[in-house]
Amino acid sequence: MYREILKKAVDGAFLDKTEIAVLLAPPDEAAEGELFQAAQGLKRELFGNLVNLRGLVEFSNICTRDCLYCGIRKSNSKVTRYVMSMDEIVHGAALAGEFGYGSVVLQSGERSDAAFADLVEEILFRIGELPYKPGITLSCGEQSLATYLRWRKAGAKRYLLRIESSSESIYRAIHPAETTLAARKAALERLKEAGYQTGSGVMIGLPGQSTADLAGDIDFFRTMDLDMIGMGPFIPQADTPLGKSGPDLPGMAEQRLKLSLRMIAVTRLVLRDVNIAATTALQAIDPVSGRERGICAGANVIMPNVGDTAFRKDYQLYNGKPALDENAESIRTQLIGSLAAIGEVPRFHEDGDPPHYFRRMANAGI
Ligand code: 5AD
């Protein structure tokens with residue numbers, strides 16, 4: 001039965017949630033190998049052996065939210081809060097442009113005050129003046145439609161806002177009461193309305209999360225008609241309520257990593273022409289080849305850090321975040337080498353827009 005459903009997926013037939021759940025749990029290693037091969041095969045059919053790179057700038061860790069899993073949650077008093085200076089932020093974006101990365105991803109803790117909206121707009125204007133201007137992706141949380149529109153107008157074209165889990169009960173278990181799944185979904189709708197290439201994703205291996213829940217997440221991505229997906233394993237953070245019960249038992253992290261790779265593969269087969277990131281959390285669990293394993297499971301995007309190393313220790317969303325003291329240039333050199341080892345090539349000086357976005361626009365008659 002597994003292989004029948006896999007064939008259906010490869011042929012592009014519609015899979016219901018039950019079938020997606022079956023695909024997420026291959027019966028043996030051979031079947032799992034076939035899943036990865038099918039997903040990477042489809043990735044190569046759609047994008048060749050090219051991987052899109054995005055330079056990541058974590059420009060502020062100030063956060064108004066108190067998510068139970070996250071190391072930069074509001075009530076974690078152990079982190080020193082920062083906002084990079086305008087010059088530091090623009091320098092990161094300039095590096096991304098000079099390195100030939102398709103875009104710069106500006107990520108921060110969640111704030112929705114007026115000064116923050118002004119700051120992000122100013123950053124966008126300044127990046128717009130660069131000689132090698134990269135495309136701009138924002139990852140700055142839930143905002144009003146007016147703010148999303150304003151930032152779009154100022155030059156941002158992509159936006160990442162993870163749903164974290166599309167299951168109502170899991171979402172509620174890992175967030176404080178004032179942070180709701182309904183509000184998150186509504187924010188994703190506003191992003192699409194504002195015309196962004198829209199991305200989302202979930203954490204994998206959360207307490208109480210079943211294969212059926214994860215199948216529900218993939219179905220959610222499909223229903224929301226998303227253009228980009230970024231997801232990775234949940235990693236306990238010692239200074240958070242969800243990390244308090246202590247670090248993972250031996251083998252657990254690797255299990256979450258494997259489950260994450262299966263999620264990437266099945267998401268590729270179900271959603272097809274979207275961009276899928278091999279995220280940093282994969283690398284946190286397997287520093288040598290986590291992200292490369294993500295590419296071999298069907299992902300086509302990697303987001304190397306281009307921000308100043310001085311800030312990295314205060315942006316520990318989870319323990320074991322890699323490349324804490326590595327500068328942007330050595331990260332780039334290493335990545336070119338490790339991609340070559342799996343037969344993949346970085347795609348330099350191209351935006352790498354997700355083809356799905358253009359299909360979505362054409363369907364809407366835009
Ligand atoms: N483990 C894994 N991912 C995490 N994130 C935050 N905390 C953790 C954690 N402990 C992810 C969330 C968030 C993204 C920026 O980082 O999905 O959206």
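Heavy atoms only: backbone and side chains are in, while hydrogens, waters and symmetry mates are out. Ligands are counted one by one from 1 in listed order, and the atoms in each one are counted from 1 as well.
Screening residues 14-27 for side chain to side chain donor-acceptor pair (under 3.5 Å), with sequence neighbours left out, gives Lys8-Glu19. Screening residues 290-315 for ring-ring contact (aromatic ring centres under 6.0 Å, His included), with sequence neighbours left out, gives Tyr82-Phe311.
A parallel orientation is assigned to the rings of Phe59 and Phe116, their planes being inclined by less than 30° (bins at 30° and 60°). Ring geometry for Tyr196 versus Tyr159: interplanar angle over 60°, hence perpendicular rather than tilted (30 to 60°).
Looking only at heavy atoms of the protein, atom 9 (C) of ligand 1 is closest to Ile235 O, 3.5 Å. Counting protein heavy atoms only, atom 16 (O) of ligand 1 is closest to Leu317 CD1, 3.3 Å. When hydrogens are left out, the protein atom nearest atom 17 (O) of ligand 1 is Glu164 OE1, 2.5 Å; that is the closest non-hydrogen contact. In this structure, the protein non-hydrogen atom closest to atom 7 (N) of ligand 1 is Tyr69 CD1, 3.3 Å. Distance from atom 5 (N) of ligand 1 to its nearest protein heavy atom, with residue and atom name: Met203 SD, 3.9 Å.
Using a 4.0 angstrom heavy-atom cutoff, Pro233 counts as in contact with ligand 1.
Taken from CG in Asn305 to CD in Gln107, the straight-line distance is 9.5 Å, to the nearest 0.5 Å.
Ligand 1 has a nitrogen or oxygen under 3.5 angstrom from a nitrogen or oxygen of Arg162.
A 6.0 Å sphere centred on CZ of Phe348 holds more than 12 heavy atoms belonging to other residues, nucleotides or ligands.
Close approach to Cys70 involves these atoms of ligand 1, each under 4.0 Å from a residue heavy atom: 6 (C), 7 (N).
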